[in-house]
*Asks:* 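One structure coming up, written as structure tokens, with questions to follow.
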Amino acid sequence: MLLLPGIYAAEQTVQPIDMTPNALSAVLMDADTGTIIMNKNMDTKLPPASITKIMTMLLIMEALDQGKIKMTEKVSTSEYAASMGGSQIFLEPGEEMSVEEMLKGIAMASGNDASVAMAEKLAGSEENFVQMMNERAEQLGMKNTHFVNCNGLPAENHYTTAQDIAIMSRELLKHSIITKFTGAYQDYLRKDAETPFWLVNTNKLVRFYTGADGLKTGYTSEAKFCLSATAKRDNLRVIAVVMGEPNTKTRNAEVTKLFDYAFAQYTNYPLFKAGDSLGSFNVSKGAQTQVPLVAKQNYSLLLKKGEASKGLRHELQLEPGLKAPITLGQPIGKIMVYKDDALISEFPLESPVAVSKAGWWKLLKRTTSNLFLLK
């Protein structure tokens, strides 16, 4: 049996009924485990329009996490950023907004100008930022994606797939604060101005579908109507992607069908929540001898409703003889999940920190201290 992270049962069948008959491609994914519940032409390369901005927002969120920028930091608008057409927040050359305001403009109003302004802030130029986007896509395993710009305006050789969109959407959702922006139906920019700029979310599902709080719409005449949407009910969060829909009404209706199917048929059995303690692991000859291990994401199993969770158990299996130096993100073990005695799923674990090798003096002190303890 193929072991898929977080799905219990050997079945991972594609739903035979096409719930998205008008879409060129579609994917329904469980956000916690990455399990694909349903797909249609998920590897077909298509223009993504403004869904491109999911990767732009991901790089912004990662820069915030890494302390490279702050939400309150001011971002200046270049003439080039201000010149973007299509969806925009009408930035003027030289106008300054905070990172938080720019993020609102991207997430809610799909601002092409705000996207370029943030790209220039983070990478110095849009070209450099696009290189970062493609590198991140490769790291995430997005094998059928190539970005040419940061906003999705029509460009030759700018493409992705429904599956790759779901992958980067899932990664973006690991930054839980993003739904504060993508899930808001309306807000304002330039609040202190004589005429504040009213933002209305281009994704109407955040208002009309219970549990929907993102993520990104897209439209160009070439790409047609696209949407990467997410909704959460109880423990289950799903991502639905549709591409090439004929209009917004059909796009929203078909995503709603995907959501309804997921919430009617599936449930999540939680193992650990992000932030939960998983214990610790020992590092031989390390500057740190013991490293606390905390869940960096939710770990759960996707179950068909009605499947018994009785007999499910999990255990931590660490690599034997972990020895310094250890790099950040180095594989250090797995969470193994069993149904009675059968292994049904496994989750890889990585070191949350880098552990350097201890100096000879520290090692000597430890050895001496151990000798005294033995007496």
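The analysis underlying the following values was restricted to heavy atoms, covering all of them including side chains, and did not include hydrogens, waters or symmetry mates. A quick note: this is a predicted structure, and the numbers were derived from the prediction, not measured. Residues take their numbers from the sequence shown, with the count starting at 1.
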*Asks:* Tell me whether Q66 at atom CD has more than 12 heavy atoms from other residues, nucleotides or ligands lying less than 6.0 Å away.
*Replies:*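 Yes.
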*Asks:* Return the CD1 to CE distance between I51 and M243, rounded to the nearest 0.5 Å.
*Replies:*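 Answer rounded to 0.5 Å: 6.0 Å.
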*Asks:* Going by the angle between their ring planes, with limits at 30° and 60°, are F263 and Y209 parallel, tilted or perpendicular?
*Replies:*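 Judged by the thresholds at 30° and 60°, the geometry between F263 and Y209 is parallel.
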*Asks:* Does Y185 sit in a hydrophobic cluster with other residues, and if so which ones, taking ILVMFWY side chains as linked at heavy-atom separations under 4.5 Å, directly or through other members?
*Replies:*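 Grouped by the 4.5 Å side-chain rule, Y188, W198, V200, V206 form the rest of the cluster around Y185.
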*Asks:* Using a cut-off of 6.0 Å, state whether more than 12 heavy atoms not belonging to K204 lie near its atom NZ.
*Replies:*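 For K204, atom NZ is crowded (more than 12 foreign heavy atoms under 6.0 Å).
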*Asks:* Using only atom types and a distance under 3.5 Å, with no angle test, would you say the side chain of T182 pairs donor to acceptor with the backbone of D213?
*Replies:*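 Between the backbone of D213 and the side chain of T182 there is a qualifying donor-acceptor contact (under 3.5 Å).
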*Asks:* Can a donor-acceptor pair be found, under 3.5 Å and without considering hydrogens, that links the side chain of N39 to the backbone of V27?
*Replies:*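 Looks like no, no N/O pair under 3.5 Å.
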*Asks:* Filter on ring pair (Phe, Tyr, Trp, His ring centres under 6.0 Å), then keep only pairs touching residues 129-152, sequence neighbours left out; what's left?
*Replies:*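 Ring pair (Phe, Tyr, Trp, His ring centres under 6.0 Å) check on residues 129-152 returns F147-H158.
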*Asks:* Measure from the side-chain N and O atoms of D30 to the backbone N and O of T35, and report whether any donor-acceptor pair falls under 3.5 Å.
*Replies:*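 Absent.
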*Asks:* Is N112 reaching over with its side chain to a backbone N or O of Q88, donor-acceptor style, under 3.5 angstrom?
*Replies:*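 Here the side-chain-to-backbone pair does not exist.
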*Asks:* Following the transitive rule for hydrophobic clusters with a side-chain heavy-atom cut-off under 4.5 Å over Ile, Leu, Val, Met, Phe, Trp and Tyr, establish whether V294 and L316 coincide in one cluster.
*Replies:*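 Different clusters.
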*Asks:* Is M55 reachable from V148 through a run of hydrophobic residues whose side-chain heavy atoms are each under 4.5 Å from the next?
*Replies:*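 No: no chain of side-chain contacts under 4.5 Å links V148 to M55.
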*Asks:* Between D340 (side chain only) and A342 (backbone N and O only), is there a donor and an acceptor less than 3.5 Å apart?
*Replies:*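 Absent.
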*Asks:* For Y219, what residues pass the ring pair (Phe, Tyr, Trp, His ring centres under 6.0 Å) criterion, not counting sequence neighbours?
*Replies:*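 So Y219 forms a ring pair (Phe, Tyr, Trp, His ring centres under 6.0 Å) with F225.
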*Asks:* Taking D187 for its side chain and L199 for its backbone only, find out whether a donor-acceptor pair lies under 3.5 Å.
*Replies:*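 Checked: no pair found.
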*Asks:* Quick one: ring pair (Phe, Tyr, Trp, His ring centres under 6.0 Å) pairs with a partner in residues 32-63, sequence neighbours left out?
*Replies:*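 Passing the test, one end in residues 32-63: no pairs.
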*Asks:* Please check: side-chain N/O of N201 versus main-chain N/O of A184, any donor-acceptor pairing under 3.5 Å?
*Replies:*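 Flag set: sc N201 to bb A184 pair under 3.5 Å.
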*Asks:* Is the shortest side-chain N to carboxylate O distance from K74 to E96 below 4.0 Å?
*Replies:*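 Answer for the salt bridge query: no.
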*Asks:* For this output row, return yes or no: ring centroids of Y299 and H314 closer than 6.0 angstrom.
*Replies:*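 Ring centres of H314 and Y299 not closer than 6.0 Å.
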*Asks:* Taking everything shown except Q139 itself, do over 12 heavy atoms lie less than 6.0 Å from its CD?
*Replies:*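 Atom CD in Q139 is crowded, with more than 12 foreign heavy atoms closer than 6.0 Å.
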*Asks:* Among Ile, Leu, Val, Met, Phe, Trp and Tyr joined by side-chain contacts under 4.5 Å, find the other residues sharing a cluster with L153 and list them by chain and number.
*Replies:*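 Besides L153, the cluster holds Y80, M84, V116.
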*Asks:* Would you please name every residue forming a ring pair (Phe, Tyr, Trp, His ring centres under 6.0 Å) with F181, sequence neighbours left out?
*Replies:*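 Per chain and number, F181 pairs via ring pair (Phe, Tyr, Trp, His ring centres under 6.0 Å) with no residue.
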*Asks:* So, for P352 and L328, which heavy atoms are closest and what is the spacing to 0.1 Å?
*Replies:*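 So the minimum-distance heavy-atom pair works out to O-CD1, 3.0 Å.
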*Asks:* For the pair K180 and E100, find out whether any cationic side-chain nitrogen is under 4.0 Å from an anionic carboxylate oxygen.
*Replies:*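 The answer is yes: the pair qualifies as a salt bridge.
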*Asks:* So, taking the atom named CZ in R237 and the one named OG1 in T179, what distance separates them when rounded to the nearest 0.5 Å?
*Replies:*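 Separation between the atoms: 6.0 Å.
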*Asks:* Just by modelled atom types, is the L24 backbone N or O under 3.5 Å from a matching donor or acceptor in the N41 side chain?
*Replies:*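 Side chain of N41 to backbone of L24: a pair is present.
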*Asks:* I'd like to know if the side chain of N151 and the backbone of K53 have a donor-acceptor N/O pair within less than 3.5 Å.
*Replies:*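 The answer is no, because no donor-acceptor pair under 3.5 Å joins these two groups.
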*Asks:* Any sub-3.5 Å donor-acceptor pair from S345's side-chain atoms to V337's backbone N or O?
*Replies:*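 Not at all, since once roles are kept as given, no pair shorter than 3.5 Å links the two residues.
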*Asks:* Tell me, yes or no, whether the heavy-atom count around D341 atom CG, taken from other residues, nucleotides or ligands under 6.0 Å, exceeds 12.
*Replies:*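 Open: at most 12 neighbouring heavy atoms sit under 6.0 Å from CG of D341.
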